[in-house]
Every structure is written in structure tokens, then in C-alpha cells.
There are 2 protein chains.
Amino acid sequence: MAVTLADVARRAGTSTAVVSYVMNDGPRPVAAATRERVLAAAAELGYRPNRIARALRARVSGVVGLVLADASNPYFAALARHIEQALESHGKLTLLGNAGFDPERQRQLAERFLDAQVDGLAVVSSDGGLDVATRAAAAGVPAVYVHHRPDRARTPLVAADNEASVHAAVEHLRWHGHRRIAFLTGPDDVGPVGERRRAWQEAVAPHEREPRLLRCDFSRAAAAALVQRLAAEDMLPRAVIVATDEQAIGVLSGASAAGLAVPDRLAVISCDGAPESAYTAPSLTVVAQPLEAMARYAVDLLFDRAAPPPALHAPLIPRRSCGCVVPAAGPPG
Amino acid sequence: MAVTLADVARRAGTSTAVVSYVMNDGPRPVAAATRERVLAAAAELGYRPNRIARALRARVSGVVGLVLADASNPYFAALARHIEQALESHGKLTLLGNAGFDPERQRQLAERFLDAQVDGLAVVSSDGGLDVATRAAAAGVPAVYVHHRPDRARTPLVAADNEASVHAAVEHLRWHGHRRIAFLTGPDDVGPVGERRRAWQEAVAPHEREPRLLRCDFSRAAAAALVQRLAAEDMLPRAVIVATDEQAIGVLSGASAAGLAVPDRLAVISCDGAPESAYTAPSLTVVAQPLEAMARYAVDLLFDRAAPPPALHAPLIPRRSCGCVVPAAGPPG
DNA sequence: CTGAAAGCGCTTACAG
DNA sequence: CTGAAAGCGCTTACAG
């Protein structure tokens with residue numbers, strides 16, 4: 001059916017070895033005239049190399065597995081896009097799997113990717129994830145965690161400097177005149193979100209006797225419901241740092257539904273800073289995770305065996321939800 | 001290095017054929033005792049089948065290519081998630097490629113996927129896309145377009161009934177008392193967005209002498225800027241149907257920045273209805289594309305060679321941006 | 001610089 | 001029910 005290397009060799013009157021050398025520009029040299037004949041034959045026949053056959057023999061599939069803790073989360077989704085793009089610039093195809101926050105599915109995906117002979121494995125994990133990368137190491141496949149690394153895993157991690165970014169957020173709200181700065185996070189303090197929570201605690205402890213810590217599930221719905229409840233009870237803080245975009249968007253949604261003005265009645269800063277956060281109403285002030293840099297470092301780590309980078313800087317991007325006056329709806333950056 | 005079928009056969013004292021029959025439950029029967037020995041040997045050695053080798057021999061890779069017109073668009077991203085999930089339930093892995101609205105990249109991705117011997121190709125195209133699926137057909141690989149099919153392509157398409165859904169949106173705004181209903185769409189009228197625009201025209205033509213058609217790029221930034229400009233010129237309509245979520249979110253963002261109340265001053269209905277639309281401020285009334293059904297039909301089409309489905313129903317989901325009073329921030333449905 | 005041949009790890013007729 | 005062997009389409013020593 002399909003045209004094979006052997007067909008091209010026959011047509012060009014040469015061996016399959018030579019055709020392979022021409023197609024791959026090596027590893028042996030080929031005479032210019034022979035090369036021309038091979039190229040012509042390949043073009044005439046419409047030859048397309050079978051990557052599966054190549055993968056089996058050369059032990060390089062050209063494919064990398066990307067395991068996502070949850071694809072519905074815009075922050076993870078944005079990270080995934082950047083990783084896919086970084087992989088493409090390394091000539092790799094991306095096998096994508098969405099675990100939907102299910103650790104067992106995360107593990108299964110990683111194993112199926114390994115069975116598919118991926119050249120590397122990138123895992124965008126959230127807390128609660130199993131250590132899937134260690135099995136990759138056992139199979140001799142390079143792996144990297146992005147955003148979060150499960151306990152006891154030794155695979156390299158690429159992540160931002162959560163401590164510095166939360167400190168910047170606290171300072172910024174204080175500059176706006178807020179003396180009490182609450183923090184909204186998820187049910188527990190694992191992983192990056194835990195670091196953010198601890199950084200907040202550290203930053204407010206010298207100034208506030210009873211820092212206000214709020215918790216709800218990591219979802220828009222939960223955060224919206226929480227804000228509406230607190231509004232009804234007149235228990236809302238005046239300024240809050242929110243651990244994740246998902247919750248921050250929920251906060252804005254709940255505030256809108258409760259008729260609460262942001263930032264006048266409630267100032268908000270979020271800690272993910274996915275592109276979506278620029279077009280909320282009002283636009284969300286964030287400390288933006290450096291998604292592109294994270295993706296690039298992760299992929300470099302996979303293939304250039306570079307050293308793990310230091311924690312990456314997450315810049316504060318002032319928009320309207322903190323009280324800054326900025327041109328609305330500009331480019332997200 | 002890795003354990004192979006031959007290793008298992010040796011350990012179990014049988015042939016590779018039998019091991020293969022056991023691993024795949026066929027196609028030949030195996031005596032129960034033999035099967036036990038094989039299973040035990042495989043477990044002891046930690047055997048994991050090499051999918052690449054299987055793919056080469058059996059001509060089935062277990063992988064499907066998914067070409068996305070643009071992954072940054074939450075509507076396309078949501079569609080991609082559902083397709084990935086539908087593929088997983090068919091036991092297929094997903095090779096994901098993001099064309100970033102570049103037709104040439106879309107073509108390249110499709111070809112690389114075909115070279116990788118995918119078992120099928122799903123293309124979530126936008127207007128301007130080249131016909132990449134026809135090349136799949138030439139290679140004997142089943143393909144399907146989702147959302148939009150380029151001109152002259154003969155590959156099956158799975159899409160929603162845009163006409164009916166826009167008619168429902170017009171009726172709904174009329175029910176809210178609006179007599180003039182504007183429409184905001186992109187620079188031209190190709191594909192599904194073109195159908196939506198024509199359906200609007202049809203629906204308002206009998207009632208409005210000069211229906212108001214607005215255009216801007218398919219981005220949040222462009223729609224936000226347009227709304228702010230119109231607000232400054234006091235040229236804003238009172239009710240608008242927006243062709244895409246991206247633009248609708250931009251409209252809300254621009255309205256917020258201009259201090260314009262939605263829905264009181266401007267009622268909005270959007271036509272994609274990705275999950276994100278439920279948590280805008282205010283929550284967005286949408287005619288929701290049936291993403292899950294679209295994904296399921298598309299995947300069934302690929303593997304069960306089912307007949308192309310009729311245009312799918314897109315239900316109107318009343319939220320707050322049209323003027324309805326609904327519990328805010330409920331589940332997105 | 002080129003060709004004949006082995007081999008990647010499987011599946012699958014074929015023969016028994 | 002089982003085994004010996006061919007072959008999927010490539011790459012890569014090896015010999016010339």
C-alpha cells in the first residue's frame with residue numbers, strides 16, 4: 001500500500017542503506033549524484049517515512065508524554081500549551097493525557113506512555129499525585145515534574161518562586177493601604193499552594209494579630225459560593241490573596257452575583273496568572289507564573305540534561321482587581 | 001535492557017506466539033495451564049509490551065492525532081478535552097497538536113501525525129484551515145472534522161445546529177423585551193460563525209429595518225476595545241448576540257472597564273458556551289455547543305464508521321448576562 | 001562511497 | 001492447542 005524505503009531504493013537503483021542515509025542526512029556520507037537520484041525517486045513516489053518503523057529500530061520515537069493533573073484548569077491548560085510548543089521546537093510530538101485530578105489515572109497514563117516508548121515524560125502534577133516519574137527513570141526515560149513534585153520523588157522539578165511572589169502580593173496590597181490581608185486557599189497545604197500559604201503567613205504575621213485564612217475547594221463554584229455566603233454574613237475581608245486563578249475567578253463571580261464591588265469593597269490578587277485572568281471583570285491582578293520559561297526549562301531538562309533551574313521569578317502584574325488604575329483589556333502581560 | 005516477549009516465552013517454556021495469544025486474549029485459544037505459566041512469567045519479569053513493535057507489525061498504533069486550530073481558545077480547548085476523553089474510552093492515546101490559527105502548521109501537524117501512523121485523525125478546524133483530512137483519506141486513515149470543515153472537503157463533519165441555536169437566542173432576548181438585537185462577529189462570515197451570522201440576519205430581518213452588525217477580531221482584547229470605544233461614543237446597542245465566547249468575555253471585560261452594567265445597560269448572549277462562560281461576571285447566558293456529544297460522535301465516526309450525525313442541538317442556558325435572574329455560580333449546566 | 005544482511009519486538013499465517 | 005519462522009519498515013554495523 002504505502003511507499004516504503006525499499007520502493008525508493010529500487011526506483012533509485014541503490015540500496016536501502018543509502019536511501020536511509022539520504023533521508024536522515026547521515027550518519028554516512030552519500031555522493032551528490034546518488035543523493036539526487038534518491039531524492040528524485042522519493043519525490044516521484046511520494047515517499048513518507050514510517051515513524052513507527054524508525055522508532056522500533058532506532059529506539060527513538062520522537063514522541064513525549066505529557067501528563068496533566070487536570071486539563072480543565074486554565075492554569076494547567078496554559079502550561080500544557082507552552083510545553084507542547086517547547087516540545088515541538090525540539091522536534092517532538094506530544095502525547096497528551098488528562099488525569100482529571102485522579103491519581104490512579106495519572107499513573108495509568110504515564111504507564112501507557114511508557115509502553116508507547118516515549119522519549120521523555122513531563123508531568124504537570126498537583127498535590128495528591130502519585131510519583132509516576134520514578135517508573136520512567138526505571139525504564140531509562142528522562143522525566144520532569146512541572147509546578148509540583150510528589151513527596152519523596154527525586155525527579156527534577158521546575159517551578160516558580162512562590163514565596164517571593166506571595167510576598168510581593170502582600171506588599172502590593174499594603175501599598176494600596178490595606179492593613180489586614182486575608183488568604184484564600186484549598187482544603188490543605190500541600191505543594192506550591194502550601195508554599196504560598198506559608199509565605200502569606202510569614203508576611204502578615206508581624207503585622208496582624210489574627211491573620212484571616214479562608215479555605216474552599218479548588219473550584220470556581222466553591223469560591224463563588226464562599227464569597228456569597230461571607231457577603232450575606234457581612235464577614236468578607238477587604239483584601240484577599242487567592243492561591244489559584246480558579247478560585248480567584250470564582251471570587252469575582254461570587255462578588256458580582258452578590259452585588260459587591262471589586263476592588264472597592266474587596267481587593268483581590270491571584271497567584272497563577274494564566275492568560276485568562278486578564279479578561280475577567282474586573283481584570284485580575286496576579287503574580288504570574290512564568291509559564292513559558294517553566295515549559296522551556298522543563299523541556300531542556302528532558303533533552304539537554306541541563307541542571308534543574310532555580311525557582312523562577314513570578315512577576316506581579318497590576319490590573320484592576322487590586323485597586324490599581326490601568327488601561328483595561330490590554331494585552332495579557 | 002527491557003523485558004521482551006521472547007524473555008517471557010523462554011521463562012514460561014513456550015513460544016512467543018503463545019505468549020502473544022495470552023497477552024492479547026487471542027486470536028488463538030491457549031490451554032488454561034499454559035496461560036497461567038505465561039502470566040506468572042510475565043508478572044515475575046515485569047513484562048510490559050512494546051507498543052511500537054506491536055504497531056509496526058499489526059498496523060495499529062493505538063494513537064489518534066488531534067489537530068487543534070487554536071488551543072488558547074477555551075471553546076476549542078474544551079472540545080479537545082472531550083475528544084481526548086472519548087478517545088481514551090476507545091482505548092486510544094491522543095497525539096495533540098496546536099496550530100495556533102496557522103493553516104500551514106495545521107497541515108504540518110497532520111502530516112507528522114500520519115507519519116507517526118495514527119489510527120485516525122480528528123481536526124478541530126476554524127475558518128481559513130486547509131483541508132488536511134483528505135490526505136489522511138489518501139493514506140487510508142479515517143478522519144473527521146469537528147466544528148468546521150474547510151470548503152470542498154469531503155471528510156465527515158460533526159457540528160451543532162447553529163441556525164436553531166441563534167434563533168433561540170434572538171427569541172430569548174426578544175422575550176426580555178428587546179426590540180433591537182445586535183450581532184457581534186469576526187471579520188468575515190466563513191464556517192459556523194458565518195452560519196450564526198446568517199441565522200441572526202434571518203431572525204431579525206422581519207422586525208428590524210437596519211439590523212446592527214458589529215465586527216472585530218476573534219479575541220477578548222478586540223471585543224473589549226470595541227465595547228469601550230462604542231461606550232465612549234454612546235453607540236452601544238442594548239442587546240447583543242456574540243458569535244464566540246472569546247468575544248463575549250471581551251465584551252464583559254470591556255463593559256466592566258467602561259463602568260457599564262451588564263445586563264441592565266447591555267444584554268449579552270454568547271454562542272459557544274464553554275464551561276468557562278458560567279463563571280464570568282456577570283455569568284454569561286449562552287447557547288451551549290454540545291461539546292461532549294460532538295466529541296463522542298466524532299470518535300464513533302472514526303472507529304465505528306457510523307453515519308455522520310445530524311446537526312446537534314445546542315441548548316440555551318439562561319444565566320445573568322441576558323437579564324435572567326438565576327442562582328449565580330451554580331454548576332455550569 | 002555503497003550494498004547485503006541482521007535485527008528492533010512484536011503478530012500471524014502455517015504446519016503440526 | 002502449540003511451535004518455528006516470516007515479516008512489518010526501518011537503521012546500522014560490517015565488508016567491500
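Letters A, B, ... mirror the listed sequences (proteins, then strands); counts begin at 1. Computed from a prediction, not measured in an experiment: that's the story for all the values here.
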Between C:dG9 (C1') and B:Arg10 (CZ): distance, integer Å: 12 Å
NZ/NE/NH1/NH2 to OD/OE distance under 4.0 Å, B:Asp115 and B:Arg112: no
N/O (side chain, B:Tyr47) to phosphate O (OP1/OP2, C:dC10) under 4.0 Å: yes
Residue pair A:Thr155 / A:Arg149, side-chain donor-acceptor N/O under 3.5 Å: no
Along DNA chain D (nearest heavy atom to each residue), the more 5'-positioned of A:Pro27 and A:Ile52: A:Ile52
Minimum-distance nucleotide to A:Ala58 side chain [options: C:dG9, D:dT2, D:dT12]: D:dT12
Most 5' of B:Leu56 and B:Gly13 on DNA chain D, judged by nearest nucleotide: B:Gly13
Sugar-phosphate only, base, or nothing, as touched by B:Thr16 at under 4.0 Å among non-hydrogen atoms: base
Stem list, DNA chain D (Watson-Crick or G-U pairing under 3.5 Å, at least 3 consecutive pairs): C:1-3 with D:14-16, C:5-12 with D:5-12, C:14-16 with D:1-3
A:Glu104 bridged to A:Arg107 by N-O distance under 4.0 Å: yes
Whether B:Asp119 side chain and B:Gly62 backbone form a donor-acceptor pair below 3.5 Å: yes
Euclidean distance, atom CD of residue B:Gln117 to atom C1' of C:dC10 [Å, nearest integer]: 15 Å
B:Asn50 side-chain N/O to C:dC8 phosphate OP1/OP2 under 4.0 Å: no
Sugar-phosphate, base or nothing in reach of B:Thr4, heavy atoms under 4.0 Å: sugar-phosphate
pair B:Val124-B:Met294: side-chain heavy atoms closer than 4.5 Å: no
Distance test, side-chain N/O of A:Ser15 to OP1/OP2 of C:dA4, below 4.0 Å: no
Selected nucleotide, minimal atom distance to B:Thr14 side chain, candidates D:dG9, D:dT2, C:dT2: D:dT2
Between C:dT12 and C:dG16 - C1' atom distance, rounded Å: 16 Å
A:Ala53 side chain, from C-beta outward: closest of D:dC10, C:dA4, C:dC10: D:dC10
Selection from C:dG7, D:dT2, C:dT11 that lies nearest to any side-chain heavy atom of B:Val18: D:dT2
Phosphate OP1/OP2 of C:dA6: any A:Arg57 side-chain N/O under 4.0 Å: no
A:Asn73 side-chain N/O to A:Tyr75 backbone N/O, donor-acceptor pair under 3.5 Å: yes
Electrostatic pair B:Asp25:B:Arg35 at N-O distance under 4.0 angstrom: yes
B:Met23 CE to C:dG9 C1', straight-line distance once rounded to whole Å: 13 Å
Value in whole Å for how far the P atom of D:dT2 lies from CZ of B:Arg35: 10 Å
Closest-nucleotide 5' rank along DNA chain C - winner of B:Arg51 and A:Thr34: A:Thr34
Residue A:Ser20, side-chain heavy atoms: nucleotide from C:dG9, D:dT11, D:dC10 that is nearest: D:dT11
From B:Thr14 atom OG1 to B:Tyr21 atom OH, the distance as rounded to the nearest 0.5 Å: 10.0 Å
Nearest-neighbour nucleotide for the A:Ala17 side chain, C:dG3, D:dG3, D:dC8 considered: C:dG3
Nearest-angstrom distance from the residue atom CG of B:Leu5 to C1' of D:dA5: 15 Å
Phosphate-side-chain proximity, A:Arg28 and C:dC1, N/O vs OP1/OP2 below 4.0 Å: no
Min side-chain heavy-atom separation B:Lys92-B:Val60 under 4.5 Å: yes
Proximal nucleotide (of D:dT2, D:dA13, D:dT11) relative to the B:Ala31 side chain: D:dT2
Candidates C:dC14, D:dT11, C:dG3 - which lies nearest the side chain of B:Tyr21: C:dC14
